[in-house]
Amino acid sequence: MNDVTLFNPFLDDDFGFCLPRVFSPKATSLPKVDVKETKDAYVLDMDLPGSSEKDVDVNLKEDVLTISSRKEEASEKKDEAEKDRWLLRERRSYSFSRSFTLPTDVNQNDIRASFKNGVLEVRMPRKEAAKPQKIAIDVA
């Protein structure tokens, strides 16, 4: 597996197509993601403008990290709805789910997420590489 496929955000369906996992057919785009590799960790940054940490779920199951959100606007009061008539309304609600297959060298017990200024950061520390060891040869 090469580095590009380690954080593949798509899952194959039964027909062999790669489709993003999206809750709503109304969703037109998924949040943008950057993933960088450092000596000690992988760092995933996801743009979520207008969201807060309360709107986002980060889950890990086996080797798959899933980031999802579902946000719906509270229902309007009746007299406010009667005053105005919406001509176009795209920001009322949204949902998304993105899944990433993690590399085998991620220390899954130490994954941490933080949220600041509309950006979710997921830091995934790498396991310490096994040190080479000398194996003694027995004389027969």
Side-chain angles (χ1 to χ4, degrees):
M1 181 181 297
N2 64 35
D3 291 340
V4 176
T5 60
L6 290 177
F7 285 94
N8 187 354
F10 296 98
L11 299 175
D12 290 331
D13 68 9
D14 293 336
F15 302 104
F17 299 107
C18 287
L19 301 172
R21 292 183 59 190
V22 180
F23 292 137
S24 169
K26 293 181 180 179
T28 57
S29 65
L30 294 172
K32 303 295 183 213
V33 173
D34 292 331
V35 179
K36 74 179 169 186
E37 175 183 17
T38 68
K39 185 180 95 164
D40 301 322
Y42 296 99
V43 181
L44 182 147
D45 291 323
M46 178 179 280
D47 289 341
L48 296 168
S51 296
S52 73
E53 69 280 356
K54 296 172 190 166
D55 300 325
V56 181
D57 290 317
V58 180
N59 295 297
L60 179 66
K61 183 176 181 183
E62 297 172 9
D63 292 336
V64 178
L65 179 77
T66 301
I67 302 169
S68 60
S69 179
R70 178 177 218 84
K71 187 174 181 179
E72 294 189 26
E73 184 179 285
S75 59
E76 300 173 3
K77 295 179 183 174
K78 188 171 183 170
D79 32 323
E80 286 180 17
E82 289 176 0
K83 280 194 271 183
D84 299 323
R85 184 176 69 110
W86 291 100
L87 300 176
L88 177 64
R89 190 147 193 206
E90 296 177 339
R91 302 180 323 147
R92 185 176 180 130
S93 64
Y94 73 89
S95 62
F96 74 89
S97 178
R98 293 198 64 181
S99 294
F100 303 89
T101 302
L102 300 184
T104 57
D105 66 338
V106 169
N107 184 346
Q108 294 185 7
N109 295 325
D110 291 332
I111 295 175
R112 301 287 177 258
S114 61
F115 198 92
K116 184 177 179 182
N117 297 329
V119 177
L120 173 70
E121 179 184 274
V122 180
R123 180 168 284 278
M124 298 162 278
R126 298 173 86 166
K127 295 176 187 173
E128 220 176 283
K131 296 180 182 176
Q133 64 183 26
K134 182 158 178 91
I135 298 174
I137 300 173
D138 293 332
V139 178

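All figures in this text were calculated on a predicted structure; none of them were measured in a lab.
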Determine the minimum heavy-atom distance between Pro31 and Arg98, stating which atoms define it.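 Scanning both residues, the minimum pair turns out to be O-NH1, 2.6 Å.
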
Nearest atoms (heavy-atom pairs only) where Pro125 meets Ala41: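 Closest approach of Pro125 to Ala41: CA-CB, 3.8 Å.
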
Under 3.5 Å side-chain donor-acceptor pair for Glu128 and Asn107: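 No, Asn107 and Glu128 have no side-chain donor paired with an acceptor closer than 3.5 Å.
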
Starting from the C-alpha separation in whole Å, work towards a yes-or-no answer on side-chain contact (heavy atoms from CB on, under 4.5 Å) for Ile111 and Val106. CA-CA 8 Å; Ile111 295 175; Val106 169; 4.0 Å; yes

Evaluation steps, side-chain contact (heavy atoms from CB on, under 4.5 Å), between Lys61 and Asn59: CA-CA 7 Å; Lys61 183 176 181 183; Asn59 295 297; over 6 Å; no

Between Gln108 and Leu102, is there a donor-acceptor pair closer than 3.5 Å when you use the side chain of the first and the backbone of the second?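 It does not hold such a pair.
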
Show me the side-chain donor-acceptor pairs of residues 49-58 shorter than 3.5 Å, one per line, residues at least two apart or across chains.
residue, atom, partner, partner atom, Å
Ser51, OG, Tyr94, OH, 2.5
Ser52, OG, Lys54, N, 3.3
Asp55, OD2, Ser52, N, 2.9

Kindly determine whether Phe100 and Leu44 satisfy side-chain contact (heavy atoms from CB on, under 4.5 Å), including the steps that lead there. CA-CA 10 Å; Phe100 303 89; Leu44 182 147; 4.1 Å; yes

With rounding to the nearest 0.5 angstrom, report the CG to CG distance, Asn109 to Leu60.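 Taking CG in Asn109 and CG in Leu60, the distance rounds to 9.0 Å.
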
Could you state the interatomic distance from CE (Met124) to CG (Asp110), rounded to the nearest 0.5 Å?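 Here the interatomic distance stands at 12.5 Å.
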
Start with the C-alpha gap between Val119 and Leu48, add the side-chain angles, then the distance that decides, and say whether side-chain contact (heavy atoms from CB on, under 4.5 Å) holds. CA-CA 6 Å; Val119 177; Leu48 296 168; over 6 Å; no

Should Val33 and Ile67 be counted in the same cluster of Ile, Leu, Val, Met, Phe, Trp and Tyr side chains packed under 4.5 Å apart?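 Yes, one cluster joins them.
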
Sequence neighbours excluded - side chain to side chain donor-acceptor pair (under 3.5 Å) pairs with any residue from residues 115-126: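 Listed by first then second residue: Glu37-Arg126, Tyr42-Arg126, Asp105-Arg126.
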
Would you mind reporting whether Asp47 and Asp45 have side-chain heavy atoms less than 4.5 Å apart?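 No, side chains not in contact.
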
